[in-house]
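These notes are about the structure you will find just below.
Below, read A as the first sequence line, B as the second, and so on, with proteins coming before strands; counting in each chain starts at 1.
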There are 2 protein chains.
Amino acid sequence: MLWDRGYTAASPRAILDRAEVGQGSMYYHFAGKETLALTALTANADALTARVETALRGRGSAARRIHAFLSMQREVLRGCPVGRMVSEPDVLESTVLFEVLTRTFQQTRDLLVAVVADGVQRRELRPDIDPAELADTVMAVVQGGYVLARAAGDAKPYHRAVRGARALVRLAEA
Amino acid sequence: MLWDRGYTAASPRAILDRAEVGQGSMYYHFAGKETLALTALTANADALTARVETALRGRGSAARRIHAFLSMQREVLRGCPVGRMVSEPDVLESTVLFEVLTRTFQQTRDLLVAVVADGVQRRELRPDIDPAELADTVMAVVQGGYVLARAAGDAKPYHRAVRGARALVRLAEA
DNA sequence: GTCTATACAACGATAGAC
DNA sequence: GTCTATCGTTGTATAGAC
């Protein structure tokens, strides 16, 4: 529900209905909505990071690993389970929730920067490529692809953006 | 307020307080919150589209015009006034609000596709560049840059993503 | 056209029985 | 541990005076 509707729109009542438990039951296990959301968001974020690691740690050249990251299967119209939180005021005001966002993005960034730096060092990628910049560009294409798709109500813009990015990364090969 | 807090978090009460008018006054001028938001969102979207047109219609090569689009001044940590709406359930459920999102993104896309197609045709850009793909990639970098910046609580990831995109676009020049 | 007062539902959370 | 009942607050909107 956090993924599909976001933090604010996922009300305790709706959560309890969906879980088919009574009104008060959630407060026995969780201090409140924020704590429950922290658990759910952490689970979503960790699952995502694990998949990202699998894609990026694969064998092959730097370009192939970046392609693998770009080509990961994603529920495009559902949006990114982590990235979609960044525009919710309540999430930004929650230290613990915001920290999950920051940490999750930083982990992916670190992995991508390492892949690119490795590729440059091995002369698979052009020497003038800046690893930090390319890493953020690639992440931005994915996050922005979600936005374009949701604004269009159609996954095609996401796939076009990703294919365009793959073509550009090929040009960055040495 | 729509820009800063989004649709759901911008409550009529808060709006009326900020406007320094009494509780009922807004309902004389607008049918409800949705109608007021439509007016505000349309104003934000039109202002943005006008600036995009200025950047993309400028003289210079296709690459220069794409660079101009990427380098437009943006309030990075505030997020995109249009793009930030895509994760709000109430906005997606509102036909009129959603239509503004769709239309605004489509207008920018059309302009960018034309610039890229023109560049390919003039042999300023490599012949294997797909205009629709590059256009969506460039838009995605901007939208995703906002997301990265907000998740980090820092504008730097946005600027890195955009600089990385500019570097890739230079590689796409013929 | 703007105001104050108020309606009614939903929100997040708690009480207290079992 | 889970339930039903309920609390106080806020969200969206309306009523009716001026």
Query - Toward the 5' end of DNA chain C, by each residue's nearest nucleotide, A:Y27 or A:A14 - result: A:A14
Query raised in the report: For A:Y7, is the NZ or CZ atom of A:K33 found under 6.0 angstrom from the centre of its six-membered ring and inside 45 degrees of the ring axis?
Result: yes
Query raised in the report: For B:F69, is the NZ or CZ atom of B:R74 found under 6.0 angstrom from the centre of its six-membered ring and inside 45 degrees of the ring axis?
Result: yes
Report task. Determine, stepwise, if the pair B:E133 / A:H159 fulfils side chain to side chain contact (heavy atoms under 4.5 Å, CB included). Result -> CA-CA 8 Å; B:E133 289 181 5; A:H159 292 293; over 6 Å; no
Query raised in the report: Considering only C:dG1, C:dG12, D:dT2, which nucleotide approaches the side chain of B:H29 most closely?
Result: C:dG1
Report summary line: To the nearest angstrom, the CD1-P distance between B:I15 and D:dT10 comes to 17 Å
Query raised in the report: Given the rule in the side chain to side chain contact (heavy atoms under 4.5 Å, CB included) test, do A:V52 and A:L56 qualify, once you have shown the distances and angles that lead to the verdict?
Result: CA-CA 6 Å; A:V52 167; A:L56 286 177; 3.8 Å; yes
Query raised in the report: Just how far, in rounded Å, is C1' of C:dT14 from CE of A:M26?
Result: 12 Å
**Report entry** Length of the line joining A:D90:CG and C:dG12:C1', which is rounded to integer Å
**Finding:** 11 Å
**Report entry** Value in whole Å for how far the P atom of C:dT4 lies from CZ of B:R13
**Finding:** 13 Å
Query - A:F30 CZ to C:dG12 P, straight-line distance once rounded to whole Å - result: 15 Å
Query raised in the report: Does a side-chain N or O from A:S25 land closer than 4.0 Å to OP1 or OP2 of D:dG1, or not?
Result: no
Query raised in the report: Does A:R78 count as lying over the ring of A:W3, i.e. NZ or CZ under 6.0 Å from the six-ring centre, within 45 degrees of the axis?
Result: yes
Report summary line: Looking only at D:dC3, C:dG1, D:dA13, the nucleotide nearest the A:V21 side chain is D:dC3
Query raised in the report: Is B:G24 touching bases, backbone alone, or none of the nucleic acid, heavy atoms closer than 4.0 Å?
Result: base
Query raised in the report: Rounded to whole angstrom units, what separation is found between the OH atom of B:Y28 and the C1' atom of D:dT12?
Result: 21 Å
Query raised in the report: Is B:S11 touching bases, backbone alone, or none of the nucleic acid, heavy atoms closer than 4.0 Å?
Result: sugar-phosphate
Query raised in the report: Roughly, in whole Å, what's the span from CG in A:D17 to C1' in C:dG12?
Result: 14 Å
**Report entry** Nearest to side-chain heavy atoms of A:Q23, which nucleotide of C:dT4, C:dA13, C:dA7
**Finding:** C:dA13
**Report entry** Whole-Å gap separating P (D:dA5) and CG (A:L16)
**Finding:** 15 Å
